Amino acid sequence: MFDQASKLRKMFPDSSEEDEKAEDRSSRHRSRVVSIASGKGGVGKTNITVNLGLALQKLDKDVLILDADMGMANVDVVLGMTARYHLGHVLEDKCSIEDALLQGPSGITVLPGASGVNDFIDIEIDEVKKLLELSAAIEDEFDFIIMDIGAGAHKGVVNFIRAADEIMVVLTPEPTAVMDAYSLLKILSDYALSSRLNLVVNQVENRREGEKVTERMENAIREYLEIDVDNSTLIPYDSALRKSVKKQNPMMEIYPNSKAGKAFSQLAEIMAFGAEKEKSRGMKGFVYRMLGFFRGN
Ligand SMILES: Nc1ncnc2c1ncn2[C@@H]1O[C@H](COP(=O)(O)OP(=O)(O)OP(=O)(O)O)[C@@H](O)[C@H]1O
Ligand SMILES: [Mg+2]
């Protein structure tokens, strides 16, 4: 493991900030990398990733969904697709990048997840090269790269979350989901967080309940964690979403005008047309940052 870390250090001798600056100068187009995370499992991350991705794609944005839930990759299941290859195969050179990318509905692209690649300190040099190659290849192609990240707050998950340009923390109004979201945010706040933070309160039964949760959460994290929330969104509880999961056909495809569908469209509009506050670091920036975090920068 130490050997691996020192190999990485040799490969990237300067700080990841320096690497990023070099990238700044050379990159023409930057994808916006968004990580979808939660403290508690089962709150709706995968469905939010897929439906938000589709809503953005319907606004003519090119979207790649990266299934980064190493424990339980199931973006393909929600989309009703069958994955032959995944990120792990690309990194191990068992297939090309093109082989692993799946074409989904409305022109969305999916890179299926790999299990067992969650500790990037152990990543081989060849795999790092592959990861950067992959990043360069997708950077020009996509406006948004949306990552479905596993629930929880262990180091691998946290490094993935905080390397993104934008973080979306998903919770529901349930007290356990609220507490676990707060715990995740507390861990994130221990690092100098430089990503924009968004909250998504999902499965909201009524607007007032959702607004109360949002307000409490925003206040608590501002006061105790000194983090400002960029944008908070409510997604209603919607039986159309459950039905779509059972049909393995995403909600934005079959019930785009449902309550939750409209909420996804609204959120997508804010993301697509709202003012971009800082320049995105893009996919290569994401990889450099993530590797930097894993080797302790
Ligand atoms: N807005 C909603 N309205 C109704 N049901 C919902 C809503 N969002 C999610 N669900 C239901 O919650 C279930 C869990 O959703 P999902 O799989 O997206 O959660 P997850 O956070 O990705 O879970 P995991 O942590 O296991 O990966 C889904 O089967 C779906 O039916
Ligand atoms: Mg999931």
Side-chain angles (χ1 to χ4, degrees), residues 31-54 56-57 62-105 108-124 127-128 130-135 137-139 141-142 144-170 184 245 248 250 283-284 286-287 289-291 293-294:
S31 312
R32 269 166 73 185
V33 181
V34 182
S35 60
I36 313 265
S38 73
K40 187 174 183 288
V43 292
K45 287 178 303 298
T46 302
N47 280 281
I48 289 170
T49 304
V50 166
N51 287 301
L52 179 61
L54 286 168
L56 282 163
Q57 187 78 39
D62 288 316
V63 178
L64 171 71
I65 291 179
L66 203 161
D67 193 346
D69 185 342
M70 306 306 183
M72 231 170 327
N74 53 13
V75 164
D76 48 336
V77 180
V78 169
L79 279 160
M81 296 158 88
T82 313
R84 184 153 172 229
Y85 298 111
H86 56 62
L87 178 63
H89 292 123
V90 180
L91 297 185
E92 288 165 21
D93 224 5
K94 290 195 173 133
C95 72
S96 69
I97 293 163
E98 292 75 27
D99 288 338
L101 295 178
L102 295 176
Q103 216 53 53
I108 203 164
T109 308
V110 178
L111 180 54
S115 39
V117 225
N118 59 344
D119 194 351
F120 273 88
I121 195 75
D122 278 336
I123 193 168
E124 297 287 337
E127 292 174 333
V128 172
K130 270 268 161 244
L131 202 54
L132 290 171
E133 212 178 280
L134 167 79
S135 303
I138 59 183
E139 192 84 86
E141 302 295 323
F142 298 101
F144 286 91
I145 297 175
I146 306 186
M147 299 190 184
D148 181 8
I149 315 244
H154 69 79
K155 195 166 181 225
V157 166
V158 169
N159 285 342
F160 247 91
I161 298 171
R162 68 192 181 108
D165 294 309
E166 288 167 45
I167 303 172
M168 280 199 183
V169 172
V170 181
L184 172 64
V245 172
Q248 277 191 268
M283 190 59 195
K284 272 184 136 185
F286 173 87
V287 171
R289 279 165 62 76
M290 188 188 61
L291 293 173
F293 296 156
F294 275 103

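Owing to the predicted nature of the structure, the values given are computational and were not obtained by experimental measurement.
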Undergrad: Quick one: ring-ring contact (aromatic ring centres under 6.0 Å, His included) partners of Phe144, sequence neighbours excluded?
TA: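 Listed in chain order: nothing, the list is empty.
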Undergrad: If we check side chain to side chain contact (heavy atoms under 4.5 Å, CB included) with Val50, which of these qualifies: Asn47, Ile48, Leu54?
TA: Leu54
Undergrad: Within the 4.5 Å heavy-atom criterion, are Lys45 and Ile149 side-chain neighbours or not?
TA: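 Contact flag for Lys45/Ile149 side chains = no.
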Undergrad: Nearest 0.5 Å, what's the CG-CD1 distance between Asp148 and Ile65?
TA: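 Here the rounded value is 8.5 Å.
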Undergrad: Side-chain contact test, heavy atoms from C-beta onward, threshold under 4.5 Å: evaluate it for Ser38 versus Leu184 and give yes or no.
TA: no
Undergrad: If we ignore hydrogens and angles and just use 3.5 Å, is the side chain of Asp76 paired with the main-chain N or O of Thr82 as donor and acceptor?
TA: no
Undergrad: List in chain and number order the residues that pass side chain to side chain donor-acceptor pair (under 3.5 Å) with Ser35, two or more places apart in sequence or in another chain; answer none if no residue qualifies.
TA: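 By the side chain to side chain donor-acceptor pair (under 3.5 Å) rule, Ser35 matches no residue at all.
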Undergrad: Any non-hydrogen side-chain atom of Thr46 less than 4.5 Å from a side-chain atom of Val77?
TA: no
Undergrad: Between Ala37 and Ile161, what is the shortest heavy-atom contact and its length?
TA: CB-CD1, 3.5 Å
Undergrad: Which residues pass the side chain to side chain donor-acceptor pair (under 3.5 Å) test with Ser31, not counting sequence neighbours?
TA: Glu139
Undergrad: Report the C-alpha separation of Leu52 and Met168 in whole Å, then their side-chain angles, then the decisive distance to 0.1 Å, and conclude whether the side-chain contact (heavy atoms from CB on, under 4.5 Å) test is met.
TA: CA-CA 11 Å; Leu52 179 61; Met168 280 199 183; 4.0 Å; yes
Undergrad: Can you name the residues that form a side-chain contact (heavy atoms from CB on, under 4.5 Å) with Ala163, not counting sequence neighbours?
TA: Phe286, Arg289, Met290, Phe293
Undergrad: Which distance, rounded to the nearest 0.5 Å, do you find between the CD of Gln57 and the CG of Asn51?
TA: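 CG of Asn51 is found 13.0 Å from CD of Gln57.
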Undergrad: Considering non-hydrogen atoms only, spot the tightest contact between Gly152 and Val157 and give its length.
TA: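 Taking every non-hydrogen atom into account, O-CG1, 3.3 Å.
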Undergrad: Restricting to side chain to side chain donor-acceptor pair (under 3.5 Å), what partner residues turn up for Asn159, sequence neighbours left out?
TA: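 Testing Asn159 for side chain to side chain donor-acceptor pair (under 3.5 Å), a comparison that skips the adjacent residues, returns Arg162.
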Undergrad: Any idea which heavy atoms bring Val33 and Ala164 closest together, and the distance?
TA: O-CB, 3.6 Å
Undergrad: Does Met147 reach the side chain of Val34, with side-chain heavy atoms less than 4.5 Å apart?
TA: no
Undergrad: Mind checking side chain to side chain donor-acceptor pair (under 3.5 Å) for Glu92 and listing every partner two or more places apart, or none if nothing turns up?
TA: Lys94
Undergrad: Looking only at non-hydrogen atoms, find the nearest pair between Ser135 and Lys284 and report the distance.
TA: CB-CG, 3.7 Å
Undergrad: Testing the basics here: between Val63 and Gly53, what is the closest heavy-atom pair and its distance to 0.1 Å?
TA: CG2-O, 3.6 Å
Undergrad: Rounded to the nearest 0.5 Å, how far apart are CD1 of Ile138 and CE of Met283?
TA: 4.5 Å
Undergrad: With sequence neighbours left out, what residues match Glu141 under salt bridge (Lys or Arg N to Asp or Glu O under 4.0 Å)?
TA: none
Undergrad: Apply salt bridge (Lys or Arg N to Asp or Glu O under 4.0 Å) to Lys130 and list each qualifying residue two or more places apart in sequence or on a separate chain.
TA: Asp93, Glu133
Undergrad: Only one of Leu66, Asp67, Leu102 forms a side chain to side chain contact (heavy atoms under 4.5 Å, CB included) with Val75, so which one is it?
TA: Asp67
Undergrad: What residues, two or more places apart in sequence or in another chain, satisfy side-chain contact (heavy atoms from CB on, under 4.5 Å) together with Thr109?
TA: Leu64, Leu101, Gln103, Phe142
Undergrad: Under the side-chain contact (heavy atoms from CB on, under 4.5 Å) rule, collect the residues that match up with Ala100, sequence neighbours excluded.
TA: Tyr85, Val90, Cys95, Leu111
